[in-house]
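Note that this is a predicted model, so its numbers are computed, not measured.
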Amino acid sequence: MTVEIERAAQAFSAMGSEPRLQVLLCLVRAGEAGLLVGDIQSRTGIPASTLNHHLKFMAAAGVIELEKQGGTIV
């Protein structure tokens, strides 16, 4: 299996839940600037601890990028 296929499989696996698809849709709508974690939470209604878990999972799979700006994660 090539590295590209493995990465694609990980990305598809990461998106295999409704909350993660909600997060991705919010981020796509926001565009390249992204969103603050709090903004994602208010738009999706996902509890903070659960949202954090989903974001870390998506970032590990290469679906999204997390960037820390001071005390905030974008």
Side-chain angles (χ1 to χ4, degrees):
M1 195 179 294
T2 68
V3 173
E4 294 164 352
I5 291 174
E6 286 180 32
R7 289 192 63 173
Q10 289 174 341
F12 281 115
S13 175
M15 299 316 303
S17 75
E18 186 177 326
R20 292 184 194 137
L21 289 172
Q22 288 177 324
V23 170
L24 184 62
L25 182 58
C26 284
L27 292 171
V28 167
R29 288 180 176 159
E32 194 172 326
L35 289 170
L36 299 174
V37 173
D39 292 336
I40 297 170
Q41 183 183 9
S42 67
R43 293 177 188 199
T44 62
I46 299 171
S49 61
T50 304
L51 178 58
N52 187 43
H53 165 77
H54 288 307
L55 291 173
K56 285 182 179 181
F57 193 87
M58 293 168 71
V63 176
I64 63 169
E65 292 181 8
L66 298 176
E67 180 181 319
K68 191 167 185 174
Q69 296 178 351
T72 305
I73 297 177
V74 179

Which heavy atom of [X] sits nearest to which heavy atom of [Y], and what is that distance?
X	Y	answer
Leu55	Ile40	CD2-CD1, 4.4 Å
Met58	Arg20	CE-O, 3.8 Å
Ala48	Gln41	N-NE2, 3.2 Å
Gly62	Arg7	CA-NH2, 4.4 Å
Cys26	Leu35	O-CD1, 3.8 Å

- Message: Could you work out, with side chain to side chain contact (heavy atoms under 4.5 Å, CB included) as the rule, every residue matching Ser13, not counting sequence neighbours?
- Response: none
Is [X] linked to [Y] within one hydrophobic cluster, defined over Ile, Leu, Val, Met, Phe, Trp and Tyr using a side-chain heavy-atom separation of less than 4.5 Å?
X	Y	answer
Leu66	Leu21	yes
Val28	Phe12	no
Phe57	Leu27	no

- Query: Got a sec, which residues hit side chain to side chain donor-acceptor pair (under 3.5 Å) with Glu32, two or more places apart in sequence or on another chain?
  - Reply: none
- Roughly how far, to the nearest 0.5 Å, is the CG atom of Leu24 from the CE atom of Met15? 4.0 Å
- Message: Less than 4.5 Å apart, side chain to side chain, heavy atoms only: is that true for Val37 and Asn52?
- Response: no
